[in-house]
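Reviewing the structure listed below.
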Amino acid sequence: MKSLLRCGLMAVAVCLLCAGPAWGQRPGTGYYSPSREKFGNNTLSVQAIPFFFGGYGLSYSRNVFNQHHWIGISPILYTSSNNHSKRLADREKMLGFSVNLHYRYNYFELPDVGFRMFFQCGVEYSYLDIRNVAQAETHIEKAGVDAAIGFRQNIAKPLYFEFFIGYGQRWLVKSDINSTQVSPDIMDVKVREPHYDKHIFDYGRGGSVLVLGLNIGFLF
């Protein structure tokens, strides 16, 4: 009987020791991370990569469960004019947009220094209207999926930068060329019916693509 009583008391003591850290957590917080309070649950950043392709992009993300799980949206507005080239086929104006919806999982973090490594996957849709100097107008619609890995580093509260690289797949939903406004005197096929699929970063590229991201923003 005494042996059974001792075992019962030891079991209660072990339960109390195990419950101590749980009682120490703040009520209602579930997963508690000091970084959540220190750096915030929202991010807003400027995308640097689209600048090289005539785009202006932002990225917003929100912590949805704990510091491991985030969802976000990244819109880009394309509005550019390239009239510096002497080659007729390269002189063009562009207007369009793209939207990327993504989920991010932080699989490694150092909260004290604000460093995180993450996996990201998402879906994307884009629409572009490109018109060259000969008035040949190209409409491009694409949809795709992508996956990437990267890291985010807080610079100084609340500023941070992040970089990611990965693989994407794009499908051409629509690609039309309207050359009815082109002068009959222009016989160059590349000018009358321009295509934008010369390389992996081109606007009309379908198939496999390289996904790159370099964002600078702040947490709040």
Side-chain angles (χ1 to χ4, degrees), residues 35-82 92-107 109 111 113-131 139-174 196 200-205 209-220:
S35 61
R36 182 167 184 168
E37 293 185 345
K38 186 181 296 184
F39 297 113
N41 298 318
N42 302 272
T43 70
L44 181 64
S45 62
V46 175
Q47 301 183 60
I49 299 297
F51 281 117
F52 297 100
F53 305 98
Y56 305 89
L58 296 175
S59 184
Y60 168 79
S61 63
R62 167 72 180 176
N63 173 253
V64 291
F65 177 63
N66 54 43
Q67 284 293 303
H68 291 294
H69 303 277
W70 296 71
I71 58 173
I73 181 170
S74 300
I76 300 174
L77 174 65
Y78 292 97
T79 170
S80 67
S81 177
N82 175 19
E92 59 195 26
K93 293 182 179 181
M94 178 173 62
L95 183 65
F97 69 92
S98 72
V99 178
N100 183 284
L101 301 174
H102 61 266
Y103 162 76
R104 177 177 293 183
Y105 176 75
N106 295 326
Y107 62 86
E109 61 179 0
V113 296
F115 176 81
R116 292 180 174 86
M117 298 183 69
F118 58 81
F119 164 79
Q120 178 175 301
C121 60
V123 295
E124 182 173 300
Y125 172 80
S126 62
Y127 172 87
L128 291 174
D129 185 356
I130 307 173
R131 180 175 297 183
H139 302 279
I140 299 171
E141 291 184 55
K142 293 193 299 183
V145 296
D146 52 58
I149 57 173
F151 71 90
R152 188 178 84 193
Q153 175 64 58
N154 295 329
I155 305 172
K157 184 181 179 181
L159 300 178
Y160 73 91
F161 75 92
E162 64 185 18
F163 172 80
F164 56 87
I165 184 172
Y167 169 84
Q169 188 73 22
R170 299 291 182 265
W171 294 276
L172 285 172
V173 178
K174 185 178 181 181
Y196 300 94
I200 195 172
F201 293 111
D202 217 344
Y203 305 112
R205 164 85 182 199
V209 297
L210 179 65
V211 176
L212 284 174
L214 177 61
N215 302 341
I216 301 174
F218 64 96
L219 297 99
F220 59 98

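Each residue takes its place number in the sequence, starting with 1. Since the structure is predicted, the reported quantities are computational estimates derived from the model, not experimental observations.
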How long is the span from the [atom1] atom in [X] to the [atom2] atom in [Y], to the nearest 0.5 Å?
{"X": "L58", "Y": "I73", "atom1": "CG", "atom2": "CD1", "value": "10.5 Å"}
{"X": "L101", "Y": "I71", "atom1": "CG", "atom2": "CD1", "value": "9.0 Å"}
{"X": "I130", "Y": "H139", "atom1": "CD1", "atom2": "NE2", "value": "10.5 Å"}
{"X": "F161", "Y": "F151", "atom1": "CZ", "atom2": "CZ", "value": "4.5 Å"}
{"X": "F163", "Y": "L214", "atom1": "CZ", "atom2": "CG", "value": "7.5 Å"}
{"X": "I140", "Y": "L128", "atom1": "CD1", "atom2": "CG", "value": "6.0 Å"}

Are [X] and [Y] side-chain neighbours, meaning at least one heavy-atom pair lies under 4.5 Å?
{"X": "E141", "Y": "L172", "result": "no"}
{"X": "K93", "Y": "L95", "result": "no"}
{"X": "N154", "Y": "L219", "result": "yes"}
{"X": "I165", "Y": "L210", "result": "yes"}
{"X": "V46", "Y": "F51", "result": "yes"}

Residue list, ring-ring contact (aromatic ring centres under 6.0 Å, His included) with [X], at least two apart or on another chain:
{"X": "F218", "answer": "F220"}
{"X": "F201", "answer": "F53"}
{"X": "F97", "answer": "none"}

Compute whether any side-chain donor of one residue and acceptor of the other, for N215 and Q47, lie under 3.5 angstrom apart.
-> no
Under 3.5 Å, is there a donor-acceptor pair between the S126 and S98 side chains?
-> no
Can you check whether N106's main-chain N or O pairs, donor with acceptor, with H68's side chain at less than 3.5 Å?
->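 Side chain of H68 to backbone of N106: a pair is present.
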Within the side chain of K142, is there an N or O that forms a donor-acceptor pair under 3.5 Å with the backbone of R205?
-> yes
Do you know which two heavy atoms are closest between Y60 and T43, and how far apart they sit?
->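 In terms of heavy atoms, the two residues are closest at CD1-O, 3.1 Å.
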What are the two closest non-hydrogen atoms of H102 and S59, and how far apart are they?
->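 Closest heavy-atom pair between H102 and S59: CE1-OG, 4.1 Å.
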Before accepting this row, confirm whether a basic side-chain N of the pair E162/R104 lies closer than 4.0 Å to the acidic partner's carboxylate O.
->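 Yes, E162 and R104 are salt-bridged.
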Only counting residues at least two apart or in another chain, list the ones meeting salt bridge (charged side-chain N to carboxylate O under 4.0 Å, His left out) with R170.
->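 Partners of R170 by the salt bridge (charged side-chain N to carboxylate O under 4.0 Å, His left out) criterion, ordered by chain and then number, come out as E124, D146.
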Establish, for the pair R152 and W70, whether the NZ or CZ atom is under 6.0 angstrom from the six-membered ring centre and no further than 45 degrees off its axis.
->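 Geometry flag: set, cation within 6.0 Å and 45°.
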Verdict with reasoning, Y125 to V99, per side chain to side chain contact (heavy atoms under 4.5 Å, CB included) = CA-CA 6 Å; Y125 172 80; V99 178; 5.5 Å; no
Should we say atom CG of L159 is surrounded by more than 12 heavy atoms from elsewhere, each under 6.0 Å from it?
-> yes
Parallel under 30°, tilted from 30 to 60°, perpendicular over 60°: which one fits the rings of Y203 and Y78?
-> perpendicular
Show your reasoning for whether side-chain hydrogen bond (donor to acceptor under 3.5 Å, both in side chains) applies to Q120 and Y105.
-> CA-CA 6 Å; Q120 178 175 301; Y105 176 75; over 6 Å; no
For L77, which residues count as a side-chain contact (heavy atoms from CB on, under 4.5 Å) partner, sequence neighbours excluded?
-> T79
side-chain hydrogen bond (donor to acceptor under 3.5 Å, both in side chains) partners of Y107, counting only residues at least two apart =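 Result, side-chain hydrogen bond (donor to acceptor under 3.5 Å, both in side chains) vs Y107: none returned.
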Residue pair Y167, V211: steps toward the side chain to side chain contact (heavy atoms under 4.5 Å, CB included) verdict | CA-CA 5 Å; Y167 169 84; V211 176; 5.8 Å; no
